[in-house]
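Structure record follows, encoded as structure tokens.
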Amino acid sequence: MGIHASANVHPSAVIEDGAVIGANCQIGPFCVVGPEVTLGAGVVLKSHAIVTGWTDIGDDCQIFPFSSIGEIPQDKKFGGERTRLIVGARNRIREGVTMNTGTEGGGGITRVGDDGLFLANAHVAHDCQVGDRVIMVNSSALAGHCIVGDDVIIGGLSGVHQFVRVGRGAIIGAVSMVTNDVIPYGLVQGPRGRLDGLNLVGLKRKGVAKADITALRAALQALKQGEGASFQERARRLGESDEIDSEYVNEIVDFVMGDSDRSFLTPE
């Protein structure tokens, strides 16, 4: 066990032998930190937080009461193999959030990027790969093996099916069930999540140039067209077109042409 001299650990907290507690960490009442946990500098565990498993928590994260971070996967195939959870820096993990370690069949690592906000009772399942600045609103959930790009927002009470990819900058509205891949910058809403346009608010907040937003709108229209052609074929044609030139459009094309286990939500 290595607890930095500057860390502040409440007497009622349980820090198991082998845990590493970084500089200026604050461990609140009745927290439990497991023997293979590493907490970076400045990590704050509010009361009753549990961090266990082979888990690394990046600098300046805040973990709120009754969160369970690093427990074993909710997967019947899990056989006790040694797998891992890596959480980046400056994440805020609110009350009751759960994040699980990976499985051998999924690569062994669940990974969360930097600067995320995970609101009450959100769930990140085994083998998920979550980007930077992701927001998961209350009671939203990622099933196993999901890949979520940077700057994604997942609305409250929404669920993302296992193996689904959500592209960078996409937004999923509240109370949506997402069963297919979401293109970058897409807007998904409805009980059975459908692609309903672009995340225009997010693009504008990010300061994306008007020309790029216009190109994205034209690209979405092109992806709607082409009766008889598959979605991937329409994307391929879009990538070969000289009429639409934008790095954001190219990102969508690359995403659609990449490997997919769940097919795609397509524009209506």
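Note that this is a predicted model, so its numbers are computed, not measured.
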(message) Let me check something: do Val14 and Ile50 share a hydrophobic cluster, defined by ILVMFWY side-chain heavy atoms less than 4.5 Å apart, either directly or through other members?
(response) yes

(request) State which residue, out of Ile171, Leu142, Ile135, Leu119, fulfils the side-chain contact (heavy atoms from CB on, under 4.5 Å) condition with Ile154. (result) Leu142

(request) Taking Arg234 for its side chain and Ala229 for its backbone only, find out whether a donor-acceptor pair lies under 3.5 Å. (result) yes

(message) Side chains of Asp127 and Thr103 only: does a donor on one sit below 3.5 Å from an acceptor on the other?
(response) yes

(request) Tell me, with the steps shown, if Val124 and Asn100 meet side chain to side chain contact (heavy atoms under 4.5 Å, CB included). (result) CA-CA 7 Å; Val124 178; Asn100 297 154; over 6 Å; no

(request) Answer yes or no: is there a donor N or O on one side and an acceptor on the other, between the side chain of Asn91 and the main chain of Gly116, under 3.5 Å? (result) yes

(message) Ignoring hydrogens and geometry beyond distance, is a side-chain donor-acceptor pair present between Asp196 and Gln189 at under 3.5 Å?
(response) yes

(request) Measure from the side-chain N and O atoms of Ser158 to the backbone N and O of Val175, and report whether any donor-acceptor pair falls under 3.5 Å. (result) yes

(message) Quick check against the 3.5 Å criterion: does Ser176 have a side-chain atom that pairs as donor or acceptor with the backbone of Gly190?
(response) yes

(request) Over all heavy atoms of both residues, which pair between Gly96 and Ser67 is shortest? Give the atoms and the distance, please. (result) N-OG, 3.6 Å

(request) State plainly whether one hydrophobic cluster holds both Ile27 and Ile3, where clusters connect Ile, Leu, Val, Met, Phe, Trp and Tyr through side-chain heavy atoms under 4.5 angstrom apart. (result) yes

(request) Would you please classify the geometry between the His145 ring and the His126 ring as parallel, tilted or perpendicular, with 30° and 60° separating the classes? (result) perpendicular

(request) Of all the heavy-atom pairs spanning Gly167 and Val152, show the shortest one and how long it is. (result) O-CG2, 3.2 Å

(message) Quick test of your reading of the model: are Asp115 and Arg92 salt-bridged, counting only N-O distances below 4.0 Å?
(response) no

(request) Ignoring hydrogens and angles, tell me if any N or O in the side chain of Arg217 forms a donor-acceptor pair with the backbone of Asp212 under 3.5 Å. (result) no

(message) Would the distance check show the side chain of Thr38 and the main-chain N or O of Ile57 forming a donor-acceptor pair, the cut-off being under 3.5 Å?
(response) no

(message) Quick check against the 3.5 Å criterion: does Ser12 have a side-chain atom that pairs as donor or acceptor with the backbone of Phe30?
(response) yes

(message) Between Leu198 and Phe264, is there shared hydrophobic-cluster membership here, with clusters defined by ILVMFWY side-chain heavy atoms closer than 4.5 Å?
(response) yes

(message) I'd like to check Phe66 versus Thr98 (side-chain heavy atoms, cut-off strictly below 4.5 Å). Are they in contact?
(response) no

(request) Without swapping roles, check the side chain of Asn24 against the backbone of Ala41 for a donor-acceptor pair under 3.5 Å. (result) no

(message) Ignoring hydrogens, what is the shortest heavy-atom contact between Val208 and Tyr248? Give both atom names and the distance.
(response) CG2-OH, 3.5 Å

(request) Please determine if Arg168 and Asp150 form a salt bridge, counting it only when a charged side-chain N lies under 4.0 Å from a carboxylate O. (result) no

(message) Keeping Arg262 on the side-chain end and Thr179 on the backbone end, is there a donor-acceptor pair under 3.5 Å?
(response) yes

(message) Given Pro184, which partner from the list Val256, Val253, Ile252 fulfils the side-chain contact (heavy atoms from CB on, under 4.5 Å) test?
(response) Ile252

(message) Any carboxylate oxygen within less than 4.0 angstrom of a Lys/Arg side-chain nitrogen, looking at Lys77 and Glu104?
(response) no

(request) Using atom types as modelled and distance alone, determine if a side-chain donor or acceptor of Thr83 lies under 3.5 Å from a backbone N or O of Gly102. (result) yes

(message) Any carboxylate oxygen within less than 4.0 angstrom of a Lys/Arg side-chain nitrogen, looking at Glu233 and Arg236?
(response) yes

